[in-house]
Q: 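Here's a structure for you.
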Amino acid sequence: MERENNGSAAHADVVIVGTGHGGAQAAIALRQQGHDGTIMMIGRDSAPPYERPPLSKEYLAGDKGFERIMIRPEKFWADKGIELRLGCGVAEIDPLEHRVTLSDGSAIGYRKLIWSGGGDPRRLPCIGANRKNVFYVRDKRDADAMMAALDAGAKRAVVIGGGYIGLEAAAVLRKLGCAVTLVESEDRVLKRVAGEELSRFYEDEHRRQGVDIRLGRGVEEIVGENSHATGVRLDGDEILPCDMVVVGIGIVPAVAPLIAAGAAGSNGVDVDFCCRTTLDDIYAIGDCAAHVNPYADQAVIRLESVQNAHDMATTVARAIMGEKEPYNALPWFWSNQYDLKLQTAGLSLGYDATVLRGDPADRRFTLVYLKEGRPIAFDCVNTMKDYVQGRKLLEKGIEKIDPALLADPEVQLKELI
Ligand code: FAD
């Protein structure tokens, strides 16, 4: 193999950009499928591949150390002949020459390139957002910085954003004894991804756990002294005093080098049924890949979930090995807050009705999303059986079901298939 002075290869059969869920699974799946060429993973993160979901859950809470969130033990990659170039980003792609240039100036040639760059946290667009104790929750460094602030005595937190990451961070911060205020600009939490019944349930739960939730409020400024935030000024001039600010307001797909190289895409990068971009021999997977999804009525969407990153990675590995199977996996997702385990199956996009199975007051219920009478998604709170059976029901593609049967927790979902 051609090598640079630093011992790193200057060419790999498959170059994978990004060492997160999609990138790691692509390398693993290639080896599982029998790929015996050289594989190089290039990642901006300096830590070996690790799971992201625990960063707002068990890792942040201190319940799991780094070793327990690593995707594979560190030696796995070398054992499988997968070269890791960590702490180094891909800055440019030359699609004609089949070559990437890294932020340190070195160039790597490839036969096939898999882009799994995920996304960068959307930054708060207000004055003071750069203060040191304003934290985002995307990578290990972010979580470590928050943990250091907590160790240094931070006791009052303002969480900005009532999506899953903001809510999970709020739950952990409460568990760690912080006073937490959560600010959401919409009139309910989880508005982008869930029905009103689920939003109201989680708002009630968080309030019960002592979180002060402010809905329909905009953030005007992060106020502070020098580079240190001491409060969040909301619209209407109210200031929420705090020792730390946690921001979870979504991501911006990390695809700039791909788009600059000529790949099509407006929200991320466009990919076809087996995750090929419009550039020859370049695939894209995971959070950044805009694809036609059969579970969203063929709409072009991006999905931000471990399932999507994994399944797309496997699709690409198969395609590279000559087996072109379309990506059509059922979307699923989970979120842990306090002792509540939410599991979702399907996509609720475009639902026109919901059915509640069970009583939220019991902290065990399922919200079923319907479109023209057809179930399209299930949000299952502490109802594992509904999740498993709901998945089967969606995979079967059942048409209309009597809502009264769906609403009856005594009727098992599998009986409706
Ligand atoms: P990532 O895993 O984000 O990996 C992308 C990697 O690419 C990053 O390491 C990035 O640094 C690197 N990169 C970007 N640009 C470049 C470049 N130019 N050069 C080199 N490297 C680059 N999903 C669930 O299903 N359930 C959950 O409970 C859940 N919880 C989450 C909690 C948190 C705190 C976060 C942040 C995410 C959570 N997710 C969850 C989402 C899930 O982690 C992502 O959907 C998944 O990681 C996407 O995989 P990916 O490979 O597309 O991107």
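Just so you know, residue 1 is the first one in the sequence shown, and it goes up from there. Whatever order the structure lists ligands and atoms in, that order sets their numbers, starting from 1.
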Q: If only side-chain N and O atoms count, and only distance matters, is there a donor-acceptor pair under 3.5 Å linking Glu197 with Ser199?
A: no

Q: I need the contact type for Glu51 against ligand 1. Using non-hydrogen atoms and a strict under-4.0 Å cut-off, is it side chain, backbone, both or neither?
A: neither

Q: Geometry only, no angles: is Asp287 polar-contacting ligand 1 at N/O separations under 3.5 Å?
A: yes

Q: Report yes or no: do Tyr59 and Asp144 form a side-chain donor-acceptor pair below 3.5 Å?
A: yes

Q: Quick one: sort the His310 and His21 rings into parallel, tilted or perpendicular, breaks at 30° and 60°.
A: tilted

Q: Counting the benzene-type ring for Trp, do Phe66 and Tyr50 have ring centres under 6.0 Å apart?
A: yes

Q: Heavy-atom pairs closer than 4.0 Å: do any link ligand 1 to the side chain of Ser305, the backbone, both, or neither?
A: both

Q: Taking 4.0 Å as the limit for heavy-atom contacts, which would you say applies to Tyr59 with ligand 1: side chain only, backbone only, both, or neither?
A: neither

Q: Looking at Asp386 and Thr366, would you say the former's side chain and the latter's main chain have a donor-acceptor pair under 3.5 Å?
A: no

Q: Counting only nitrogen or oxygen atoms and a 3.5 angstrom limit, does Trp332 reach ligand 1?
A: no

Q: Before signing off on this row, confirm whether Trp115 and ligand 1 have an N or O atom pair separated by under 3.5 Å.
A: no

Q: Please could you name the atoms of ligand 1 that Glu304 approaches to less than 4.0 Å, counting only its heavy atoms?
A: 45 (O)

Q: Give the contacting part of Asp120 toward ligand 1: side chain, backbone, both or neither, where contact means a heavy-atom distance below 4.0 Å.
A: neither

Q: Just let me know how Val17 lines up against ligand 1, side chain, backbone, both or neither, with a heavy-atom cut-off below 4.0 Å.
A: side chain

Q: Could you label the plane-to-plane angle of the His291 and Tyr327 rings as parallel, tilted or perpendicular, counting under 30° as parallel and over 60° as perpendicular?
A: perpendicular

